Each structure stands twice: as C-alpha cells, then as structure tokens.
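For reference, the structure discussed in these notes is given below.
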Amino acid sequence: MAAGDPCRTHGLPTDYVVQHYMTQQQPALIHEWAVTPAEARRIQTRLAAKVSLADAYPALRRVAGVDVGFEDGGAVTRAALVLLSWPTLEPLEQVLVRHPTRFPYVPGLLSFRELPAVLDAFEQLSAVPDLVFCDGQGVAHPRRLGIAAHLGVLTGLACIGVGKSRLIGRHDAVGDRRGDCTPLWLDGARIGSVLRSRTGVRPLYVSPGHRVAQETAPQLVMQALTRFRLPEPIRAAHRLASAPAIARAAERSASRSPRS
DNA sequence: GCGACAG
DNA sequence: ATCTTGTCGC
C-alpha cells in the first residue's frame, strides 16, 4: 500500500500491516472480514491486547458520532458518520455509506457485521476527528473488544462506546438523577460505567474503546449531552442511519391524514 | 444442560 | 437492528 493511501480494509489477508487511518504513523493490524465466528473470536482476543485505556487524544476541536442502520430486512447496511464541533456540538459534515450486509448479528461479534461499512465512511470524511462516540460497547465485552474498541484499534483514533443496553458485566443500582454513575464490573475488573444521562430514563452503558481512560469516558459523554438520553454525536448519526425508517413513518402518517 | 445475549 | 398504532406519562 502506498503511503498516503487511505486505509483499505477489504480483501486484505489476515494480519496485513497498513498505515493507521490518515495519520500515516504507527502501523496497525488489519484483518480479513470474511471470517467464521470462531475466527472472529480469535481476532478479537488478539486485537484486544492492542487497546489502550490511558487518555491519549488531541485537544478536542471536533468529534464524530457513529451509528449503523439496516434496509431491506437487513440485506443492506447503512453506516452513518457525523462530524461535530467541540464543545459546541454543531454538525460540520456527515457521511452515509451503504454496503451489502455479509455477516449475521451474533452477540459479541457485532463489529464484524457493522465495521466494514463504518470504516468506509471514515475514508470519505474530509477531516480526522479528535474523538469518536460509537453506538455499542467499548471494552465492556466478553473479550474486551466491543465495536468501539475494534474501531479504535484499527483506526488509531480515540473512541468511546455508548451502549443503550448491557452486553456483559455486573453493577450496583444506578442513582436515578442525570449524571449519576456506577462502575460496570467483570471478573473483578472495571470494564465500563453505567450512566444516567437523563433523569427518568434507562441508563447508558459507557466504556472506553481506545485511548480513553475508564474515569474519563463517562465525563466526556456527559459533556456531549444536550437534553436527550443519547449524546449529540450519536443522536446525529442515528438520525442519518435511520433516515429510511423515519421517511416511512412520515409516509404512513401522511396517508392517514391526507391534505386536500 | 440452562440462561444471557451490544445492534 | 427492523416490523408497527396507539397510548400511558411527564
């Protein structure tokens, strides 16, 4: 691969070494996506060793939000990526990529289903975000490599996983007021935080993906919140990824109350 | 063998 | 995630 080329992730043999996403610095391990569940789990265990749980991101100027949706009963994957200013959270740029879906949903292997399209979206973004908020878990995962951690290791970007529900781990009851937070544990180690992003809503499962510390992750999510349950970067990405569903909903309500 | 199980 | 209408609550 020539220096300067964006990182390509398809069709490469397992363990092929390429440059980090747009940074052209440390090489990163890129693997094949056409794998069996058993191979995927081995890849996760190997890549998990590359995750860093120490704060190591640039001064925050712009952040990104990632979310994925589906069309055609799952046949098509839609990856939405939105770039926003920080700390003002104003949308700056957005990218939507559609890919044929080629991996089933298997609990614990979500990244193998969604990341191919997400990585393509990153290649089309004109600027590199200083931090990424990703829908799903970070290291709060059976093998410590949820989609946010996987994305972080492959791109080298600082990432935070924000899950709407729990994949694994145990925790005490969370306070019911906005900002209340309690650690998420697995085998005696902290793997994330359970955060009440808004009073009266189900808590968020926040965990570092890469280059972010356990204590920092929930703080950054709090700073990315406005008045809703989900942090703004992810809300923006979700709106984009769910555009077809929203359009169909609007279509139905329009047919129920026709004008004229 | 029986649950649990991101999106 | 997606399919789907109305409905209970702040």
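Not measured: the values here are computed from a predicted model.
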* To do: For the pair A:Leu60 and A:Leu220, evaluate side-chain contact (heavy atoms from CB on, under 4.5 Å) and give the outcome as yes or no after the intermediate values.
  => CA-CA 11 Å; A:Leu60 299 185; A:Leu220 288 169; 3.9 Å; yes
* I would like to know whether A:Arg62 and A:Asp130 meet side-chain contact (heavy atoms from CB on, under 4.5 Å); could you show each step before the answer? => CA-CA 6 Å; A:Arg62 29 179 202 265; A:Asp130 301 312; 4.0 Å; yes
* To do: Would you please test A:Leu119 and A:Leu151 for side-chain contact (heavy atoms from CB on, under 4.5 Å) and show each step?
  => CA-CA 8 Å; A:Leu119 290 170; A:Leu151 176 62; 3.9 Å; yes
* To do: List the steps, then state whether side-chain contact (heavy atoms from CB on, under 4.5 Å) holds for A:Phe70 with A:Thr101.
  => CA-CA 9 Å; A:Phe70 298 88; A:Thr101 304; 3.9 Å; yes
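Note on ring orientation: taking the six-membered ring where Trp is involved, the planes of A:Phe112 and A:Phe103 are tilted (angle from 30° to 60°).
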* So what does the secondary structure string of DNA chain C come out as, 5' to 3', with Watson-Crick or wobble pairs under 3.5 angstrom, [ ] for crossing and | for pairs with another strand? -> ..........
* Asked: Given Watson-Crick or G-U pairs with both distances under 3.5 Å, what dot-bracket string fits DNA chain B, with | for other-strand pairs and [ ] for crossing?
  -> .......
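Looking at heavy-atom distances under 4.0 Å, A:Gly163 makes contact with sugar-phosphate atoms alone, never a base. Using a 4.0 Å heavy-atom distance criterion, A:Gly200 is classed as making no nucleic acid contact. No contact: A:Leu204 has no heavy atom under 4.0 Å from any strand. No engagement by A:Ile168 is indicated, since no non-hydrogen atom pair under 4.0 Å with the nucleic acid exists. At the heavy-atom level, A:Tyr105 lies under 4.0 Å from base atoms of the strands shown.
In summary, of the residues considered (A:Val162, A:Asp180, A:Leu204), a side chain to side chain contact (heavy atoms under 4.5 Å, CB included) with A:Ser197 occurs for A:Leu204 alone.
On the nucleic acid side, DNA chain B contacts chain A at distances under 4.0 Å to non-hydrogen atoms, with the end points of that region at B:dA4 to B:dG7.
One interatomic measurement links the two molecules: CD of A:Gln137 to P of C:dA1, which rounds to 13 Å at whole-angstrom precision.
Residues A:Leu81 and A:Gln124 have side chains not in contact (no heavy-atom distance under 4.5 Å, counting atoms from C-beta outward).
For the residue pair A:His99/A:Asp120, the side-chain donor-acceptor check at 3.5 Å is satisfied.
If you chain together hydrophobic residues whose side chains sit under 4.5 Å apart, A:Val66 and A:Ile147 fall into the same group. By the criterion of side-chain heavy atoms lying less than 4.5 angstrom apart, applied directly or through intervening Ile, Leu, Val, Met, Phe, Trp or Tyr residues, A:Phe122 is not grouped with A:Leu240; the two fall into different hydrophobic clusters. Note: the hydrophobic cluster containing A:Val35 also contains A:Leu109 (ILVMFWY, side chain heavy atoms under 4.5 Å, direct or indirect links).
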